[in-house]
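Below: the structure, in structure tokens.
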Amino acid sequence: MAGNSQRPNRRTSNKKGAQVGSGGKRRRGLEGKGPTPPAEMRKGHVKNRIAGAKARQSARRPAARRGGKGTSEMVVGRNPVVEALREGVPASMLYVQQFIDNDERVREALKLAADRGGIHLMEAPRPELDRMTNGLNHQGLVLQIPPYEYAHPEDLSAAAYDDGEDPLIVALDGVTDPRNLGAAVRSVAAFGGHGVVVPERRAAGMTAGAWKTSAGTAARTPVARATNLTRALEAYQKEGLFVVGLAADGEAEIQDVAALDGPLVIVVGSEGKGLSRLVGETCDMRVRIPMPGGAESLNAGVAAGVALYEAARRRRG
């Protein structure tokens with residue numbers, strides 16, 4: 001009935017604004033924000049970016065060497081096989097032809113493989129070795145080289161920071177000769193660097209030739225492979241590394257660059273074409289190596305060695 005009807009509860013006021021009590025917000029607002037946080041915790045500060053990059057690298061460390069694997073390779077012929085074994089080139093299998101003439105090189109190859117350990121010896125008939133090598137003149141010896149496990153570019157700087165050191169890295173742009181890659185690896189090892197970065201495509205990889213030129217230093221100096229070299233360099237810049245590109249028309253001479261004593265990436269182009277356009281534009285600075293003798297250019301391995309020497313000299317000073 002009308003007398004017993006009940007009205008629904010309604011708000012008695014439509015006013016907006018603060019209600020009774022502030023929940024302590026005003027008091028907390030008067031207390032201030034406390035002491036200024038350290039640089040590593042201030043957003044936008046370079047040390048904050050470096051600390052963040054190191055944290056991301058640490059999170060990725062269980063998945064180290066994520067640069068992928070190369071392809072397997074075969075070294076054929078008695079002299080090449082012996083030289084590869086002498087230089088410590090990684091190998092998984094040594095194929096020896098059945099009824100082979102047992103000369104001095106064959107005996108040395110067998111001894112080197114046995115002394116090293118971990119290399120399986122397999123006797124195979126000549127037709128099988130002909131098939132494996134696509135008819136190359138194998139002379140009864142074939143050495144199987146396993147795929148190289150590349151690091152990821154971020155692993156190189158992470159390892160340097162873990163050791164409390166400023167990263168010193170060489171990146172090769174368009175270098176297709178494996179011997180130049182091996183020479184760069186050797187120079188990085190000699191001058192206390194932390195690794196070499198190569199593009200995934202149209203670039204030399206860690207073949208038996210690169211291993212031999214490195215004179216064994218490739219066993220302790222990582223080579224990283226980047227899907228896109230420009231993006232890898234940009235990632236290094238975000239971590240706080242200074243990227244220097246070597247170019248004949250660089251705006252400064254290398255000995256005048258102050259940033260050589262800090263976190264550094266040295267980018268070396270091919271002997272003929274130099275740095276590619278995008279890579280050159282990405283570099284923080286393009287520098288030249290003075291050559292009083294009048295040579296037009298240096299090959300990539302030599303150029304990397306000169307730049308690394310100057311960086312190492314500056315760091316010692």
Side-chain angles (χ1 to χ4, degrees), residues 49-50 52-73 90 145-162 167-185 187-188 193-211 214 218 221-247 263-284 286 300-301 303-304 307:
R49 296 199 301 271
I50 295 174
K54 290 170 66 176
R56 290 192 297 271
Q57 291 162 350
S58 297
R60 295 188 180 106
R61 292 311 292 277
R65 290 194 176 272
R66 295 177 294 108
K69 288 188 175 183
T71 57
S72 61
E73 183 186 0
I145 309 300
Y148 181 81
E149 293 187 3
Y150 291 92
H152 188 278
E154 292 177 355
D155 294 334
L156 307 187
S157 54
Y161 286 129
D162 286 348
L168 177 57
I169 297 167
V170 168
L172 301 181
D173 177 28
V175 175
T176 57
D177 189 340
R179 292 170 297 182
N180 270 327
L181 171 56
V185 170
S187 294
V188 167
H194 300 97
V196 178
V197 180
V198 297
E200 187 174 316
R201 299 179 180 178
R202 295 185 292 277
M206 282 305 297
T207 63
W211 269 97
S214 77
T221 303
V223 175
R225 190 166 61 176
T227 304
N228 184 294
L229 184 59
T230 300
R231 286 201 293 266
L233 296 176
E234 291 171 344
Y236 280 140
Q237 288 169 327
K238 290 178 181 178
E239 293 179 27
L241 280 70
F242 193 80
V243 179
V244 169
L246 301 185
L264 184 68
V265 181
I266 299 170
V267 189
V268 185
S270 63
E271 184 174 356
K273 298 179 180 179
L275 299 175
S276 63
R277 181 180 62 83
L278 286 177
V279 168
E281 292 174 353
T282 302
C283 294
D284 294 303
R286 294 165 68 252

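Residues passing the side chain to side chain contact (heavy atoms under 4.5 Å, CB included) test with Ala204, sequence neighbours excluded: Pro178, Leu181. Considering only residues two or more places apart in sequence or on other chains, Ser276 meets the side chain to side chain donor-acceptor pair (under 3.5 Å) condition with Asp173. The side chain to side chain contact (heavy atoms under 4.5 Å, CB included) check on Thr282 picks up Thr230, Leu233, Glu234, Gln237, with sequence neighbours excluded. Every residue two or more places apart in sequence or in another chain that forms a side chain to side chain contact (heavy atoms under 4.5 Å, CB included) with Val175 is listed here: Leu172, Asn180, Ala300.
Of all heavy-atom pairs between Ala226 and Pro153, the closest is CB-CG, 3.9 Å. Taking both residues in full, the closest heavy atoms of Pro167 and Ala160 are given as CA-CB, 3.7 Å, listed atom of the first, atom of the second, then distance. Nearest heavy-atom pair across Ala183 and Gly301 is CB-CA, 3.9 Å.
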Let's go through Val197 and Val267 carefully: what are the C-alpha distance in whole Å and the side-chain angles of both, what is the deciding distance for side chain to side chain contact (heavy atoms under 4.5 Å, CB included) to 0.1 Å, and is it a yes or a no? CA-CA 9 Å; Val197 180; Val267 189; over 6 Å; no
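Identified under the salt bridge (Lys or Arg N to Asp or Glu O under 4.0 Å) test for residues 195-205, with sequence neighbours left out: none.
Of the possible donor and acceptor atoms, none in the side chain of Ser187 sits under 3.5 Å from a partner among the backbone N and O of Ala184. Here the side chain of His194 pairs no donor or acceptor atom with the backbone of Ile169 at under 3.5 angstrom. For the pair Glu73 (side chain) and Ala208 (backbone), a donor-acceptor distance under 3.5 Å is present. A donor-acceptor pair is defined here as one N or O able to donate and one able to accept, closer than 3.5 Å; no such pair exists between the side chain of Tyr148 and the backbone of Pro90.
With rounding to the nearest 0.5 angstrom, the CD atom of Glu281 is 9.5 Å from the CZ atom of Arg286.
At a threshold of 4.5 Å between non-hydrogen side-chain atoms, the residues Leu278 and Leu229 do not count as touching. Ser270 has its side chain out of reach of Thr176: every pair of non-hydrogen atoms, C-beta onward, lies at least 4.5 Å apart.
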Tell me which donor-acceptor pairs under 3.5 Å the side chains of residues 240-247 have, and how far apart each pair is, sequence neighbours excluded?
none

